[in-house]
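Worksheet for the structure shown next.
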Amino acid sequence: NAGVMQNPRHLVRRRGQEARLRCSPMKGHSHVYWYRQLPEEGLKFMVYLQKENIIDESGMPKERFSAEFPKEGPSILRIQQVVRGDSAAYFCASSPAQGRMGTEAFFGQGTRLTVV
Amino acid sequence: DQQVKQNSPSLSVQEGRISILNCDYTNSMFDYFLWYKKYPAEGPTFLISISSIKDKNEDGRFTVFLNKSAKHLSLHIVPSQPGDSAVYFCAASALSGTASKLTFGTGTRLQVTL
């Protein structure tokens, strides 16, 4: 029973390039959350998605960032025209249904994005 | 505006002793609190949670205490073991918002020494 799978684990992009981060939720989970952890900080909520729907994107920067969770395939967090300040660890979590993130939600190992 | 604060960036405890990790919050709408444990290069792992209708929740060596009037919670680990060495994050959510939207503290690095 595979856990939440994120790929790639490490991603290096030059300033101005695009970054695509993928998250495959646990089997049976239809809710996906993206969090970002900047160096020396806690995780910050970015976006909450269900299949084909964005439920809450209050933590997403207004420009350059977008997320999707299509009917088929993984959830994608896309960052266009990356800047050095986007360098961070991006974590995805999934849960089987809407509700409290507790025992029912699991985090992936994260993607560490480095912008050079 | 840091709504969840963990004021101790690090803590060192001897094996077998009690580890106490503290967390303060400012948003009175928070009603559900969680502790996560994180090893380097891994994602956070859920440890224990508590609802605001309780003041204590226990699970094996881990106990979380909640003091609503002080807006303070703590995680007790007893006895501490070397494998407990990790970064511990306190997190909170509010019923009125997206139930799954967590606000995290900055973490406390626990080192359990032999």
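If you're wondering where the values come from, they're calculated on a predicted model, not measured in any experiment. Naming convention: chains lettered A, B, ... in sequence-line order (proteins, then strands); numbering from 1 in each chain.
Cluster membership for A:V32 and A:M5, using ILVMFWY side-chain heavy atoms within less than 4.5 angstrom, is not shared. Tracing side-chain contacts under 4.5 Å through hydrophobic residues (I, L, V, M, F, W, Y), one never reaches B:L75 starting from B:V78; they form parts of separate clusters. With hydrophobic clusters built from ILVMFWY side chains whose heavy atoms lie under 4.5 angstrom apart, B:I77 shares a cluster with B:L73. A continuous path of hydrophobic side-chain contacts links A:L11 to A:V82 [ILVMFWY only; heavy atoms under 4.5 Å]. Grouping the Ile, Leu, Val, Met, Phe, Trp and Tyr side chains by contacts below 4.5 angstrom, directly or via other members, places A:F106 apart from A:L21.
Looking at B:Q6, there are no atoms closer than 4.5 Å to chain A (heavy atoms on both sides), in backbone or side chain. Contacts of B:A91 with chain A are absent, with no heavy-atom separation under 4.5 Å from either backbone or side chain. Using a 4.5 Å cut-off between heavy atoms, A:Q6 makes no contact with chain B at all. Within the 4.5 angstrom heavy-atom criterion, no atom of A:R112 approaches chain B.
When the shell of 6.0 Å around NZ of A:K51 is examined, it contains more than 12 heavy atoms from other residues, nucleotides or ligands.
Applying a 4.5 Å heavy-atom cutoff, the residues of residues 106-114 of chain B that approach chain A are B:T106.
Scanning both residues, B:K101 and A:S58, for their nearest heavy atoms gives NZ-OG, 2.9 Å.
Between the side chain of A:Y35 and the backbone N or O of B:L102 there is at least one donor-acceptor pair closer than 3.5 Å.
Of the candidates B:F46, B:Y36, B:Y39, B:F89, A:F107 forms a ring-ring contact (aromatic ring centres under 6.0 Å, His included) with just one, namely B:Y36.
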